[in-house]
**Student:** 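The structure under discussion is supplied below as C-alpha cells; questions concerning it will follow.
In what follows, chains carry the letters A, B, and so on, assigned in the order in which the sequence lines appear, proteins first and then strands, with residues in each chain numbered from 1.
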Protein chains: 2
Amino acid sequence: MARITIKDVAKSLELSVSTVSRALNDKGDVDEKTREKVKNRARELGYTPNMMAKALKGKTLGLLGVIIDDNTNPFYAEVVKGMEREAKKHEFHLLLVNTAADYEEQVFAIEFLQNKGVDGILIAPVDDTKPVEMDGIKVPFVIVGRHFEKSDFCEVYNDEELGGYIATRHLLESGRSNIITVQPDMNIFPTRGRSLGYRKALQEYSAESANSAIELKSSPENAGKVVLEYLESSGTCDAVFAYNDMYALEIIALLRSKGMRVPEEIAVVGYDDIPYSVYVCPTLTSVALDKDWLGRTSTEMLIKMIKGKKIREKRYVQKPVLRVRDSG
Amino acid sequence: MARITIKDVAKSLELSVSTVSRALNDKGDVDEKTREKVKNRARELGYTPNMMAKALKGKTLGLLGVIIDDNTNPFYAEVVKGMEREAKKHEFHLLLVNTAADYEEQVFAIEFLQNKGVDGILIAPVDDTKPVEMDGIKVPFVIVGRHFEKSDFCEVYNDEELGGYIATRHLLESGRSNIITVQPDMNIFPTRGRSLGYRKALQEYSAESANSAIELKSSPENAGKVVLEYLESSGTCDAVFAYNDMYALEIIALLRSKGMRVPEEIAVVGYDDIPYSVYVCPTLTSVALDKDWLGRTSTEMLIKMIKGKKIREKRYVQKPVLRVRDSG
DNA sequence: TTGAAAGCGGTACCAC
DNA sequence: GTGGTACCGCTTTCAA
C-alpha cells in the first residue's frame, strides 16, 4: 500500500540505493545488465520517483507558476491552454493563480508559488510600471502580455499600439469620424499602447479628428453604461473602439437594448478576437491575437531558462491583425 | 542570496533547530519569549519554509490536482475559478491538467500529479462507466460533474436528467413537436442523463412524440453540420435540444447561415448557460448550472478529506434551472 | 562497477 | 524548556 521507494527496489535486488539511483537516472558507471535489471524491477514494483525528495536536492520539481487576472477571461483561457500544452511537452505542470487584477493578491501569489517550489513563473503583472514589483521573484520568470519600459525582463507580448492603430484606422477608413474609445482605468501596457495607437490613427487621419479623441474609463461590466452616459450627456459618436471583446459585447448589448443600431448608427470594434465573436450579433470586428502563441512562446522560453539554456531573444513581440466582421 | 533556512535562524539566535521549528509551528513547550524572538528574527531574515522538506516528512504540500477536458471551455473555466477561490481560502493551490477528453492523457495526468506530490485530486473523468479507472489514485479525490453508477466515490454533480427534462418539456410546452437532440458520441454521465431526461419528457407528453425521439451524435464543431444533414436527408424538426451552449451556438450559426430562422422555424435550447449566451443572437435559452458552486463544493470536500475531517455527505447534487431567452 | 555515507530542510522523539 | 539526533527519499561524492 505504501509508496515504493528506491530503497524497496534496492532491497529486492540486493543492491545499494546508490546503484539503483544511478541506474535509474542513466548516470555514472553502471553495468548494463544491472541497469536493465534495476529498470525492470522498478517497473514491476511500480516505483515512481518522489519529486519532493529530488527537489530537496536542488533538482527541479517540474512546476511552473502561472499568475493571471482571471482564468475565465477567454483571452487568458486560451493563453493558459497554450502554456499547458507546451509545459506538458517538457513534463512540466502548471500551478494556476488568479489575482483578479489585485496587487496584493499578486504579491501573495509570488510568495506562495515560490514556497511551493515552482521552478519558474509565468506572469501577467497587475502593474507593469514599476519593475520593483518583480524583486520578490527569486526563480526565473517570463512576463506575458505586458511590457516594462525600463527593464530587461524576458517578455512575450503584443504590439498594442499597432492594434489600437489598425482598429481606429479601419473605422476612419470606413467613414466614421467621431470615434471614442473605452479603456479600463488601469495604467498597464495594453491600455497605454491601445490608447496611443488610437490617437496616432486619429492624428494621422486629420487634425480635426485628432481633436475629437475621447477616452472613457470603465470596468468591463459598466462599459455599456459609460458609453450611454456619454451619448446622453450631449456627446456624439459614430464608432467605439473597445478595450477588448468583453467591453465590446457589453457596449453592443446595451446600445441595442436602447434601440440603437450597430453598426449602422454606431460601429464597435473589439480586441482579442475571442472565439465567441463569430456567434454574437452582429458578429464582432476585432483585433486578433494569437493567444496560443503567447502561451507557447512564453512557456518555451521559461523552460529554457530553467534548464539553463541560452536565451537568444529576451523579447518576443506579436503583430496583431484586424478581423473585420459585421459590427464595424 | 541563498534561501534562508531554519538553520540560519537558529544560528543567528544561538538556538537549536528543533527549538526554532517548534517555535515557528506553535508546537510543544517553548518559552513565550523565545517563541517571540524566533518569529521576529525569522521575519527579519525573510525566512520562508521549504514546503518540499515538509512534504518529505509526510506533511501536505498544499497542492490540488485538477483534471478536466479543457480549460477554455467556459463551463470548466468557471468551475476552475470557483475551485481556485476555495482553495486559496485554505492556502491550497491548483495544478491544472487538460486531457482533451483523452483517456490516455488522463492516465498520465493521474500519475504525474501524484509524483508532483499533490495532496488530492479534483477530476472530471473522461469515462465514468468503469470505476476501475480511479484505482490509480492513491490520494483523496473528488469527482466533479460526473457520476459513477456503482461506486461510493465522493462526487459533486448535476441532475442531468432533470436538465434534459426541463429543456425538452419547455420546448414541448411552447408548441414544438419535432424535437431532436445532439449529443457528443461519448458515454458519460451528462450525455446519458440529458438523453434520459429528453426521452422522459417526450414520453410524458405523448406517445406520438416519444416515437419521434432522434438523438444525433456529434463533436461540438460539427454540431451544425450534423443537424443540417439530418434536415436535408428528409428529416424534419422544429426544435433542437443541444448538448451544451457550444453545440447550440454552432447549430444556430449554421442554421442561420442557411437562411433558417431561429427560433421561428427551429428553436434551439442549450445547456450550461455560459456567460456569452446573453450576447449571442438570438440570446440563448439554456439550462443553467451554478458552476461556481460545483467548483467550491468539490474543493471544500476534498480539502476536508485531506485534513482528515469527517465527510457527512459523499454526494452533492445540483438541480439545474431553465433560463428562457429568445432562441427557444 | 559498486557501496557507504553525507546532506538537502524540516519534524519529532528522547534525553537532559 | 531546550538540544541532539534520526529520518523522510533521493543524489552525489569518495572509497573500496
**Student:** Quick one: does His147(A)'s side chain get under 4.5 Å of Arg315(A)'s, heavy atoms only?
**Tutor:** yes

**Student:** Less than 4.0 Å between a side-chain N and a carboxylate O, is that true for Glu84(A) and Lys81(A)?
**Tutor:** no

**Student:** On DNA chain D, nearest-nucleotide positions of Thr48(A) versus Thr34(B): which is more 5'?
**Tutor:**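 Of the two residues, Thr34(B) wins.
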
**Student:** Using OP1 and OP2 only, check whether a side-chain N or O of Asn50(A) sits under 4.0 Å from dC8(D).
**Tutor:**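 So the side chain of Asn50(A) is outside the cut-off, no N or O lying under 4.0 Å from OP1 or OP2 of dC8(D).
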
**Student:** Could you tell me the separation between the CD atom of Glu14(B) and the P atom of dG1(D), rounded to a whole number of Å?
**Tutor:**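 It works out to 21 Å between those atoms.
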
**Student:** If you round to the nearest 0.5 Å, how far is OH of Tyr76(B) from CG of Asp69(B)?
**Tutor:** 4.0 Å

**Student:** Whole-Å distance between dG10(C) C1' and Leu56(B) CG?
**Tutor:** 9 Å

**Student:** Quick one: is dT11(C) close enough that its OP1 or OP2 comes under 4.0 Å of any side-chain N or O from Lys27(B)?
**Tutor:** no

**Student:** If you look only at pairs with a residue in residues 9-19 of chain A, which of them pass as a salt bridge (Lys or Arg N to Asp or Glu O under 4.0 Å), with sequence neighbours excluded?
**Tutor:**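 Every candidate salt bridge (Lys or Arg N to Asp or Glu O under 4.0 Å) pair involving residues 9-19 of chain A fails, so no pair, neighbours aside, qualifies.
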
**Student:** Using the side-chain heavy atoms of Arg22(B), tell me which of these nucleotides is nearest: dG9(C), dT2(C), dG3(D).
**Tutor:**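 In terms of side-chain proximity for Arg22(B), the closest of dG9(C), dT2(C), dG3(D) is dG3(D).
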
**Student:** Asp26(B) has an atom CG; how far is it from atom P of dA12(C), in whole Å?
**Tutor:** 13 Å

**Student:** Is any side-chain heavy atom of Gln318(B) less than 4.5 Å from a side-chain heavy atom of Thr297(B)?
**Tutor:**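 Side chain of Gln318(B) against side chain of Thr297(B), heavy atoms only: no contact under 4.5 Å found.
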
**Student:** Can you check the Asn25(A) CG to dT13(D) P distance for me, whole Å?
**Tutor:**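 Those two atoms, CG and P, are 13 Å apart.
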
**Student:** In whole angstroms, how far is the P atom of dC8(C) from the NZ atom of Lys54(B)?
**Tutor:** 19 Å

**Student:** From CD1 of Ile4(B) over to P of dC8(C), roughly how many Å is that when rounded to an integer?
**Tutor:** 15 Å

**Student:** Pick base, sugar-phosphate or nothing for Asp29(B), based on heavy-atom distances below 4.0 Å to the nucleic acid.
**Tutor:**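 Answer is base: heavy atoms of Asp29(B) come under 4.0 Å of a base.
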
**Student:** For the pair Asp29(A) and Arg22(A), find out whether any cationic side-chain nitrogen is under 4.0 Å from an anionic carboxylate oxygen.
**Tutor:**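 Looking at Asp29(A) and Arg22(A), the cut-off is not met.
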
**Student:** Lys116(A) has an atom NZ; how far is it from atom P of dG9(C), in whole Å?
**Tutor:** 18 Å

**Student:** Give me the distances for all protein-to-nucleotides 5-7 of chain D N/O pairs that come in under 3.5 Å?
**Tutor:**
residue	atom	partner	partner atom	Å
dC7(D)	O2	Lys57(B)	NZ	2.8

**Student:** With nearest nucleotides of DNA chain C determined for Thr19(B) and Met52(B) from heavy-atom distances, which residue corresponds to the more 5′ nucleotide?
**Tutor:**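 Result: Met52(B).
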
**Student:** Return the value, rounded to whole Å, for the distance between atom CG of Leu13(B) and atom C1' of dG1(D).
**Tutor:**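 Answer to the nearest Å: 15 Å.
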
**Student:** Please tell me if Ser21(A) has a side-chain N or O lying less than 4.0 Å from either OP1 or OP2 of dT11(D).
**Tutor:** yes

**Student:** Among the nucleotides dC8(C), dT11(C), dC10(D), which one has an atom lying closest to any side-chain atom of Ile6(B)?
**Tutor:** dT11(C)

**Student:** Using the side-chain contact (heavy atoms from CB on, under 4.5 Å) rule, pick out the option among Leu302(B), Thr299(B), Ile303(B) that qualifies with Val142(B).
**Tutor:**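 Of the listed options, the one satisfying the test is Leu302(B).
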
